Each structure stands twice: as structure tokens, then as C-alpha cells.
2 protein chains.
Amino acid sequence: MARLVEFDEEQAIQKAMEVFWKKGYAATSMRDLTDAMQINSSSLYNTIGDKHQLFIRCIKHYTKMRIRAVEQRYTNFASPIQALENFIKDAADIITTEPNSCMCVKATFEIEGDDPEIQVVVNAYDDFTHQLLKGLIENSQSQGEIDSSENADTIADYLTSVFIGWYNSFVLHKDRTKITNMAAFMIRQLRH
Amino acid sequence: MARLVEFDEEQAIQKAMEVFWKKGYAATSMRDLTDAMQINSSSLYNTIGDKHQLFIRCIKHYTKMRIRAVEQRYTNFASPIQALENFIKDAADIITTEPNSCMCVKATFEIEGDDPEIQVVVNAYDDFTHQLLKGLIENSQSQGEIDSSENADTIADYLTSVFIGWYNSFVLHKDRTKITNMAAFMIRQLRH
DNA sequence: CAAATTTTAAAACAAATGTTTCAAAATAAA
DNA sequence: TTTATTTTGAAACATTTGTTTTAAAATTTG
């Protein structure tokens, strides 16, 4: 055998992710990345690969983080409608607190379907959220908290759409009240 | 005086806009632009300016087109709630028909508040839509078609958010039915 | 320790980037 | 028609881009 890899790959991916997350794919240069990761480009190409492969690793890392956080928070909740309301409030909170919009949303609008590999990762994340919301909606429906005549898939899609719009709103207006007002309105509408 | 400008500036801006709209700001090169515009870069710099100034012209052109189309369609409508429902259906239609997502949405997520000049243009467009929707909502409220206890600004923000989410959904799933289902659900919710 | 093998750092790479230069072409006014 | 002024096309510009090369450093195994 021979020399070992010096840098911590997880840590390096995390740093690269932060740069991609902020600047987007095209606007990020390899120098930006190696500076943040604190490794030489030869090491990067040697272990992870080129810019595109690095991005894939980063966005996978992002979605994994996100999914883990949600899984921790939404196991064993009091009632499904309570969980749902909390999810909505959490979304409002994350959107108005974090420095950047969702990395998947940014990537989706930047790539616009022209990169199947990225799309697979984003779709998997989207699907995870969708299934979680759908489950909460269905349970709320069977407990009579949400109109059972409405399709749970459609409502789940709908909620996701609203959240993505909130990211946009917050970039444009930086107005937390706008978001919390919409969140409250949305909850009222759902319970009708 | 002296030699006149040969190319049609409006036409050239239109062509440049199409490229920026599709590829985004960072991923578009000056060669991409001059190829599409069919002019030499010296002419471009001589008349319009650099890449950034050209982008501003393009996104202004985009919003002007959009605003004009909406103004034509939404003057003198039968009833405000009818106009509102039509607006929602039109949004669903545009989103599932056009080859790219809204140029303003793409620019917002790409730039993320780091470019005040772009932001001003996008905000003006957002404000136009907001005022139009707000007016329709207020009129629907006074006619008893929408709950008057809800704030019209919040509902207008909310509708805009949903539309933006639809763009995202359509990039990910290319499923028109998802969008029309959400549109129908949204209209039902609003009329409660 | 010596051999084998891999990672690293620094430099180099060609290609692409946004922008400018400059002479030739074009035209309105004198 | 000449003069003055501007636009154009082609080439050139310096940087920056993503990526590779090369030799030295490092470490496990024999």
C-alpha cells in the first residue's frame, strides 16, 4: 500500500456544498471550491472527480442533511394535523432564517431539466417530502381535520408549491411577516 | 453626422433575452449572445454595453412583454372572481406550455439578492402582479365571493407563491395534470 | 530499511471568458 | 465631393476557466 488521503472528505464536501449552495453551479469556479475545501485540485480530481461529480456529491449531502433533520423532528407527533401545522411553521422558519434558498430549488431553476443526474437527486428529495406530507394529510383526513373529498397527493403537491414560492418571496422582500401571514392563512384554509 | 446603427436593437434584445431566459445569467457567454443576436461584440458594447447591462435590458424586455399581455387580458372582466379564476387557469397554462420557467423567478434564485439592479426590475414586476391580484381579491371580497376577514395582501402574496411553486413542480415532473389539479383545488379553497 | 504505491503541491495546460483595439466601411452634413 | 463622425468586422487582449502533469512527499507492506 501507500500514502493515505490527508483531508477529511466529509468536511471538504460540506465546504464545497456551502459554496455551491450560495453561488449556484455555473457561477462557482474550481478555485472557489478548492479554496473553501482547502485542498489542491489534484487531490480533488484524484478522490472525488470533476466539477460535476463534486456537485452531485454536494447536493446529495444537502438532501441527506435535510431528510435527516425532518426524520428526527417528525417521528411520533401528537396528532397528524398538529404535525402538519408544525411542518408549515418550520418551513416558514427555515425559509426566513437561512442565508440561502433551498439548494434543490436553486439547482432546479438553474438546470431546468438539462441534467438528468442532478434531477434524480432533486426528485428523490421531492418525493421524500411528498410522501411525508401525503401521509400526514391522509391521517388528518381520516381524523376529520381536513376535507376527505380532496386528493391527498394534490394537497401535498400544493403545500410544496407554496413553500417554494415563499423562498422566492423572501429573496425579493426579506419580509418575515409576509411569510408568517401566509403560513397562518394556509393553515386556516386547510382546516376548512 | 455619420454611419447609422445597422441592426434592429429590439430584435437583438429579443434574441439575447431568449438565450438568457433559457440558460441563466452565469451560464450564458458573450459568444452565445452575439451569435444569437447576429451582431459583432464591438457593436454590442458600442450600443448596449456589457453583459450585465444587456441582461438588464433583456429582463426589462421580458417583464414589459409579460405586463402587456396581462393588461390586455385583464381589463373589463365580467366579475372579479371570474377574472381571478381565469388568472389562475392562465398561470397553469403558461407554466405547462412555455419551454422555460419564468425568467424573473430564475433570475431571483440565481442572483439571490446580490444584484440590486436586477432586483429592482424583478420587484417592479412582482409588484405589478401583486397589485392586480390584490384588486381582484378585494373586489371579490366585497361581492362576498371570498372571505372578507382575510387580508387581501396576504392572499395575493399567497397566490403568487403557489404559481412560483408550480414552475418548480413542472420542471421536476413535467406533469400538467398535477398543475391543473392544484389549480382546481386552489379555486375551491378560495371560494370557501 | 527498502520497495512499492499513492497523495500531494505547484506549475502548467489549452480553451473559454468578457472586453477592447483598430482599421476599414458607411453615411449625414458642409 | 469632401469632411467629419460613427459603426462595423476581425483580430487581439489579458484573465479566468476546468483540468492535467510532474516530481517530491508520505506511508504501508515485505
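Keep in mind the model is a prediction, meaning the values are calculated, not measured. Residue numbers begin at 1 in each chain, while the letters A, B, ... track the order of the sequences.
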Heteroatom pairs (N/O) under 3.5 angstrom, protein to nucleotides 10-13 of chain D:
{"from": "D:dA10", "atom 1": "N7", "to": "B:Asn40", "atom 2": "ND2", "distance (Å)": "3.1"}

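- Remark: B:Glu117 engages no residue in a side-chain hydrogen bond (donor to acceptor under 3.5 Å, both in side chains) (not counting sequence neighbours).
- Each of B:Gln38 and A:Ala26 lies near DNA chain D, and the nucleotide nearest B:Gln38 is the one positioned closer to the 5' end.
- Listed by residue number, the members of residues 43-52 of chain A with any heavy atom below 4.0 angstrom from DNA chain C are A:Ser43, A:Asn46.
- If you check every strand for non-hydrogen atoms under 4.0 Å, B:Thr28 touches sugar and phosphate atoms only.
- Ion pair B:Glu145/B:Arg191 flagged as a salt bridge, since at least one NZ, NE, NH1 or NH2 atom sits closer than 4.0 Å to an Asp/Glu carboxylate oxygen.
- At least one side-chain heavy atom of B:Cys104 sits less than 4.5 Å from a side-chain heavy atom of B:Thr63.
- A centroid separation of 6.0 Å or more is found between the aromatic rings of B:Tyr167 and B:Phe170.
- Distance B:Met30 CE to D:dG9 C1': 16 Å, rounded to the nearest Å.
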Determine whether B:Asp32 and B:Lys22 satisfy the following criterion, salt bridge (Lys or Arg N to Asp or Glu O under 4.0 Å), listing intermediate values before the conclusion. CA-CA 12 Å; B:Asp32 291 337; B:Lys22 187 190 170 148; over 6 Å; no
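- Atom CG of A:Asp35 and atom C1' of D:dG18 are 14 Å apart (whole Å).
- When rounded to the nearest whole Å, the span between CE of B:Met37 and P of D:dG9 equals 13 Å.
- Checking each of B:Asp147, B:Ile88, B:Ile137 against B:Leu190 for a side chain to side chain contact (heavy atoms under 4.5 Å, CB included) leaves exactly one that passes, namely B:Ile88.
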